[in-house]
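Worksheet: one structure, shown below.
Counting starts at 1 for both ligands and their atoms, in listed order. Reckoned from all heavy atoms, side chains included, excluding hydrogens, waters and symmetry mates.
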Amino acid sequence: MSTYPKIIQGGMGAGVSNWRLARAVSTHGQLGVVSGTALDQIFARRLQDGDPDGNMRRGLDRFPFPRMAERIWKSYFVSGGKPPGGPYKTLPMQAKSSPRELQELCIAANFVEVFLAREGHAAPVGINYLEKVQIPHLPSLYGAMLAGVAYVLMGAGIPVRIPGVLDSLTHHQPASYPLQVTGAQEGDDTTMTFIPHDFMEHDLLPLNRPKFLAIIASNILAATMVKRANGRVDGFVVEGPTAGGHNAPPRGKLQLNPAGEPIYGERDKVDLVKLRELGLPFWLAAEYGSPEKVREALADGATGVQVGTPFAFCVESGLAQDYRQTILASVASGTVEVLTDPLASPTHFPFKIVQMEGSLSEYEVYSSRRRICDLGYLREAYRTPEGAIGYRCAAEPVATYVAKGGDLENTVGRKCLCNALLANIGLPQVRSDGRVENGLITAGNGLVEIARFLPANGWDYSAADVVRALLDGHVTDSLAIHPIDSAGATVSGEALMPV
Ligand SMILES: Cc1cc2nc3c(=O)[nH]c(=O)nc-3n(C[C@H](O)[C@H](O)[C@H](O)COP(=O)(O)O)c2cc1C
């Protein structure tokens with residue numbers, strides 16, 4: 001019998017699939033996945049908001065390195081929360097040699113997110129990263145693994161070197177990852193290295209090696225992963241171009257429809273017969289949020305489906321309440337619109353955007369925002385004329401980007417996703433002139449379909465409602481199967497005991 005989940009709740013960054021959502025899905029017998037993107041910032045901002053429910057503190061109390069936990073607490077916790085009109089602290093930006101403070105924050109933040117998602121039940125929990133956001137990978141994965149993460153899912157790039165990283169970190173061994181540096185020359189040092197023993201406060205037993213699922217949009221990428229990965233790939237998520245978030249660009253020359261969206265064709269479809277020949281389990285994603293589509297996926301040989309959009313708007317989602325309610329209202333009235341913007345994301349991948357008043361989807365809101373780059377997750381590393389590594393983002397101030405050798409043309413229509421995505425989850429930066437960063441919501445083309453989950457007499461539905469609906473009412477409640485106390489179930493047992 002397969003031990004794999006039928007439904008994977010897709011990772012949704014930043015902070016949309018937070019620990020609450022993932023926990024809710026996992027406790028109902030399916031795979032809950034937290035987003036690992038920008039968790040260092042999210043964690044630091046939650047602490048600056050005073051950690052009102054004490055969840056971050058509870059997670060830090062179970063972190064295996066207490067001195068590191070205390071350093072972080074002292075640096076970021078603000079009792080009672082920062083003043084509402086005041087700014088969050090500006091953290092240093094991630095760079096090839098990030099300051100130790102930032103690496104510690106990554107380890108602890110990833111630990112706490114997975115710890116909380118696992119608390120009180122014994123079902124597996126996964127974590128999702130975007131390959132393109134490379135710099136935080138190593139400390140982030142280590143933190144998530146310390147908390148016993150069972151699956152790592154990664155897309156938006158070609159993560160052939162991640163399986164080997166997981167193997168090394170399992171044994172607390174040094175791990176390295178190649179940083180993609182535009183213009184790099186032979187002999188340049190572009191390798192990032194992370195040495196767990198530099199951070200460990202005592203020895204630990206080996207950790208569980210999580211399963212690795214690569215998110216792919218083509219047969220070529222799936223075959224490349226199998227052939228070139230430096231360790232075991234456990235399966236694939238096959239994501240079509242109607243999925244929420246970033247999409248793989250169409251193959252061939254970019255053509256746009258009258259609304260300015262990329263046009264996808266037959267060549268962009270994954271051949272499932274060929275995929276099956278690779279012999280690994282796979283899950284289908286993009287508009288699979290109904291029992292009929294789940295049945296269709298299973299009939300196509302998939303192990304199950306990965307679903308994002310229906311979970312993004314359920315009550316446990318990390319989306320700010322006002323954004324969520326506004327969008328649910330437009331879903332209910334049938335007026336909601338999602339467009340695929342080929343320019344918005346500095347990653348150059350098409351990005352799905354919900355058209356919403358007051359958000360950066362509106363030209364006036366976008367154009368009145370002063371460009372500023374102070375989070376920097378989507379920056380591109382490039383070789384400077386002196387042979388060093390510089391960082392630039394196509395959404396940063398145009399003159400700065402061009403001075404760094406970036407093409408002016410590249411800056412057109414780019415949006416600061418980093419600041420917008422944090423605003424989406426209620427953690428917006430406040431600028432010195434009092435302006436508050438606006439959000440930019442992403443969702444899949446199937447957004448209108450989530451009306452099916454809305455009850456006749458209200459606005460809210462839960463993650464359990466989605467799971468139940470997708471499985472035709474057959475929900476396994478893992479809390480009922482594994483009634484264990486929260487302390488016992490939280491981390492990978494004795495792995496965290498000093499040895
Ligand atoms: C709000 C939102 C954010 C997303 N962020 C990510 C992400 O950070 N990483 C990722 O691999 N996929 C991301 N996705 C894609 C989902 O994981 C999932 O594959 C997709 O939503 C499935 O298609 P659907 O939207 O039609 O359900 C995101 C989707 C949504 C709706």
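- Only the side chain of I215 comes within 4.0 Å of ligand 1, counting heavy atoms alone; its backbone N, CA, C and O stay farther away.
- Only the side chain of E239 comes within 4.0 Å of ligand 1, judged by heavy-atom distances.
- Taking a 4.0 Å cut-off on heavy atoms, G446 fails to register as neighbouring ligand 1.
- Annotation for ligand 1: atoms under 4.0 Å from non-hydrogen atoms of V307 are 27 (O).
- We find that D341 and K352 are not joined by a salt bridge, their nearest charged nitrogen and carboxylate oxygen being 4.0 Å or further apart.
- Of the protein's heavy atoms, G244 O, 3.3 Å lies nearest to atom 15 (C) of ligand 1.
- Closest to atom 3 (C) of ligand 1 among all protein heavy atoms lies M12 CB, 3.4 Å.
- Within the structure, every pair that satisfies the ring pair (Phe, Tyr, Trp, His ring centres under 6.0 Å) test and touches residues 268-314, not counting sequence neighbours, is listed here: Y4-W283.
- By the 30° and 60° cut-offs, the orientation of the rings of F349 relative to H246 is perpendicular.
- Scanning the protein for heavy atoms near atom 21 (O) of ligand 1, the closest one is G308 CA, 3.2 Å.
- Considering only non-hydrogen protein atoms, atom 26 (O) of ligand 1 sits nearest to E287 N, 2.7 Å.
- Between the side chains of Y401 and N410, a donor-acceptor pair is found at a separation under 3.5 Å.
- Between N128 and ligand 1, at least one N/O pair is under 3.5 Å apart.
- Close to ligand 1: A286, with a non-hydrogen atom less than 4.0 angstrom away.
- With a heavy-atom cut-off of 4.0 Å, V237 does not touch ligand 1 at all.
- Considering backbone and side-chain N/O atoms, Y288 never comes within less than 3.5 Å of an N/O atom of ligand 1.
- Scanning the protein heavy atoms around atom 7 (C) of ligand 1, the nearest turns out to be G11 O, 3.4 Å.
- With sequence neighbours excluded, the residues that form a side-chain contact (heavy atoms from CB on, under 4.5 Å) with E316 are L21, A24, C314, S462, A463.
- Here is the list of ligand 1 atoms found below 4.0 Å of a heavy atom in G10: 17 (O).
- Seen from the ring of Y382, R392 counts as a face-on cation partner, given the 6.0 Å and 45° thresholds.
- Near T442, meaning under 4.0 Å from one of its heavy atoms, ligand 1 places the atoms 1 (C), 2 (C), 3 (C).
- Under the 3.5 Å distance criterion, with hydrogens and angles disregarded, no donor-acceptor pair is assigned to the side chains of H121 and S26.
- Checked by atom type, the side-chain pair D40/N110 shows no donor-acceptor distance below 3.5 Å.
- The closest protein non-hydrogen atom to atom 18 (C) of ligand 1 is Q306 NE2, 3.5 Å.
- Inspection of the R324 and Q321 side chains reveals an N or O donor paired with an N or O acceptor under 3.5 Å.
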Inset, instruction - Evaluate the side chain to side chain contact (heavy atoms under 4.5 Å, CB included) criterion for residues L102 and L91: first the C-alpha distance (whole Å), next the side-chain angles of each, then the deciding distance (0.1 Å), finally the verdict. - result: CA-CA 8 Å; L102 213 48; L91 303 184; 4.3 Å; yes
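- The protein atom (non-hydrogen) at minimum distance from atom 8 (O) of ligand 1 is G13 N, 3.0 Å.
- Looking at atom 20 (C) of ligand 1, its nearest protein heavy atom turns out to be A243 CB, 3.8 Å.
- Of all non-hydrogen atoms in V436 and V430, the two that sit nearest each other are CG2-CG2, 4.4 Å.
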